[in-house]
2 protein chains.
Amino acid sequence: MEQGEAEGTAAEGARDELAAKFASWQVLHFDPAGCPVRDVLDRLGDKWSTLILLALSGGPARFSALNRAVPDISKRMLTQTLRDLERDGFVGREVFPTKPPSVEYRLTPLGFTMLEPLANLILWAEERHAAIRAARLRFDEANSAAAWPGA
Amino acid sequence: MEQGEAEGTAAEGARDELAAKFASWQVLHFDPAGCPVRDVLDRLGDKWSTLILLALSGGPARFSALNRAVPDISKRMLTQTLRDLERDGFVGREVFPTKPPSVEYRLTPLGFTMLEPLANLILWAEERHAAIRAARLRFDEANSAAAWPGA
DNA sequence: CAGCATCCGTGCGGATACTG
DNA sequence: CAGTATCCGCACGGATGCTG
């Protein structure tokens, strides 16, 4: 029952706040360096970043453990994504000089702070997933009907 | 736990919840249809979706108004992004048979519910933006120093 | 005004092979 | 084990021109 008035005010607050932020970014002509949406969210929007962060949410993990946690990522993309996350300060990398070598990745305090807003978005996505899939079916059906009227 | 007492219980709750969700999605072997992160967030992760949603957070807007609100998007990508958002049920499209025709876009109730979690993530990004940029500088400097030791 | 059609370049990401 | 190096396809997205 989150859809009612209780969430209405919160969502309206979010809307007004977002509208104001958006206006302030517009003033800067969306300078990529000054727009957090472009500079931060676009990086998290790649194919693997969020999944890696999720995999690390349970605690530190080694390279091959991450590869097993996300089975369909290639070693190449796992390395690259981890490097990007490390560069942004979300993930820390620690090398243990064992033989063979082992490397452990973990969320930094900065990366740790992201879990909360990320979790909110993911839980929202999960909650609305069925509705979204239903909307897609409706859209595709209406669209195909319009595309082939006589079929 | 070792990560950060300062960030507190909310972040730890988010971490545990996320870890549990991640485990449950793993069981499904990340079937794209069953994983909200892949099926929903990946779509929002494209170059323009979040900016369009932000532009609509202030209220309904016409096509050319959106094009002005996001100056560096092409008409082609604006149309395509709006279609995708409409297909997922986030955005509604209303055609007014004026001359010349005008089309108005607005958030649906479903799209409206996304503003709150999206705002949380964006506000987080804005709040940590400086720290992220600083981390990038540190990383790049350390990396270039390692790449050219004698320079 | 609000698109659609077409062409085209870039870069993301996959596959494979090799290394310390 | 934890990467690097290389090649390559394809889809994302930009530029331009045309239409109702």
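Below, chain A is the first sequence line, B the second, and so on; all start at residue 1.
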J.: Do A:Val70 and A:Phe90 sit in the same hydrophobic cluster, where Ile, Leu, Val, Met, Phe, Trp and Tyr count as joined when their side-chain heavy atoms come under 4.5 Å apart?
T.: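 Result: yes, single cluster for both.
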J.: Between P on D:dG13 and CZ on A:Arg38, what's the gap in Å once rounded to a whole number?
T.: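 Result: 12 Å.
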J.: Does the B:Asn67 side chain pair with the main chain of B:Ile73, one donor and one acceptor, at a distance under 3.5 Å?
T.: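 Present.
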J.: I need the CE-P distance between A:Met77 and D:dT6, as an integer number of Å.
T.: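 Roughly 18 Å, once rounded to whole Å.
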J.: Could you tell me whether the side chain of B:Ser144 and the main chain of B:Glu141 form a donor-acceptor pair under 3.5 Å?
T.: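 It does hold such a pair.
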J.: Among A:Glu86, A:Glu94, A:Arg93, find the one that has a side chain to side chain donor-acceptor pair (under 3.5 Å) with A:Tyr105.
T.: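 Among A:Glu86, A:Glu94, A:Arg93, the one meeting side chain to side chain donor-acceptor pair (under 3.5 Å) with A:Tyr105 is A:Arg93.
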J.: Measure from CH2 on B:Trp48 to C1' on D:dA11 and round the result to the nearest Å.
T.: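 In whole Å, D:dA11 C1' and B:Trp48 CH2 are 17 Å from each other.
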J.: My understanding is that only residues two or more places apart in sequence, or in another chain, count here; which of them pass side chain to side chain donor-acceptor pair (under 3.5 Å) with B:Asp16?
T.: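 Testing B:Asp16 for side chain to side chain donor-acceptor pair (under 3.5 Å), a comparison that skips the adjacent residues, returns none.
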J.: Quick check on DNA chain C: between A:Asp46 and B:Tyr105, whose nearest nucleotide comes earlier from the 5' end?
T.: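 The residue whose closest nucleotide sits nearer the 5' end is B:Tyr105.
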J.: Roughly how many Å is it from CZ in B:Arg76 to C1' in D:dC18, rounded to a whole number?
T.: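 Roughly 15 Å, once rounded to whole Å.
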J.: Specify the closest pair of heavy atoms between A:Leu41 and B:Ala125, including all atoms of both residues, with the distance to one decimal.
T.: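 So the minimum-distance heavy-atom pair works out to CD2-CB, 4.1 Å.
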J.: By ring-ring contact (aromatic ring centres under 6.0 Å, His included), which residues pair with B:Trp48, not counting sequence neighbours?
T.: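 Listed in chain order: nothing, the list is empty.
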J.: Which of residues 78-100 of chain B have a heavy atom under 4.0 Å from DNA chain C?
T.: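 Contacts with DNA chain C under 4.0 Å: B:Thr79, B:Arg83, B:Arg93, B:Pro100.
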J.: Begin with the C-alpha distance, continue with both residues' side-chain angles, and end with the deciding distance and a verdict on side chain to side chain contact (heavy atoms under 4.5 Å, CB included) for A:Lys21 and B:Leu54.
T.: CA-CA 9 Å; A:Lys21 291 292 177 188; B:Leu54 282 177; over 6 Å; no
J.: Residues in side chain to side chain donor-acceptor pair (under 3.5 Å) with A:Thr50, at least two apart?
T.: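 With sequence neighbours excluded, A:Thr50 shows a side chain to side chain donor-acceptor pair (under 3.5 Å) to no residue whatsoever.
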J.: For a 4.0 angstrom threshold against heavy atoms of chain A, report the outermost contacting nucleotides of DNA chain C in 5' to 3' order.
T.: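 So the outermost contacting nucleotides come out as C:dG13 to C:dG20.
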J.: Quick one: do A:Arg136 and B:Asp39 satisfy side chain to side chain contact (heavy atoms under 4.5 Å, CB included)? Show the steps, please.
T.: CA-CA 12 Å; A:Arg136 286 179 189 165; B:Asp39 198 32; 3.0 Å; yes
J.: Is A:Phe63 close to A:Leu82 at the side-chain level, that is, under 4.5 Å between some pair of heavy atoms?
T.: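 Counting from C-beta outward, A:Leu82 and A:Phe63 do come under 4.5 Å.
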J.: Taking five pairs at each end, how big is the angle between the two axes of the helix from C:dC1-D:dG20 to C:dG20-D:dC1, to 10°?
T.: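 Answer for the end axes of this duplex: 50°.
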J.: Under 4.0 Å between any heavy atoms, over every strand shown, what does B:Arg62 touch: base, sugar-phosphate, or nothing? Just pick one.
T.: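 Answer is sugar-phosphate: B:Arg62 comes under 4.0 Å of backbone atoms only.
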J.: Grab the NZ-C1' distance between B:Lys47 and D:dC12 for me, whole Å please.
T.: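 Spelled out: NZ on B:Lys47 to C1' on D:dC12 is 9 Å.
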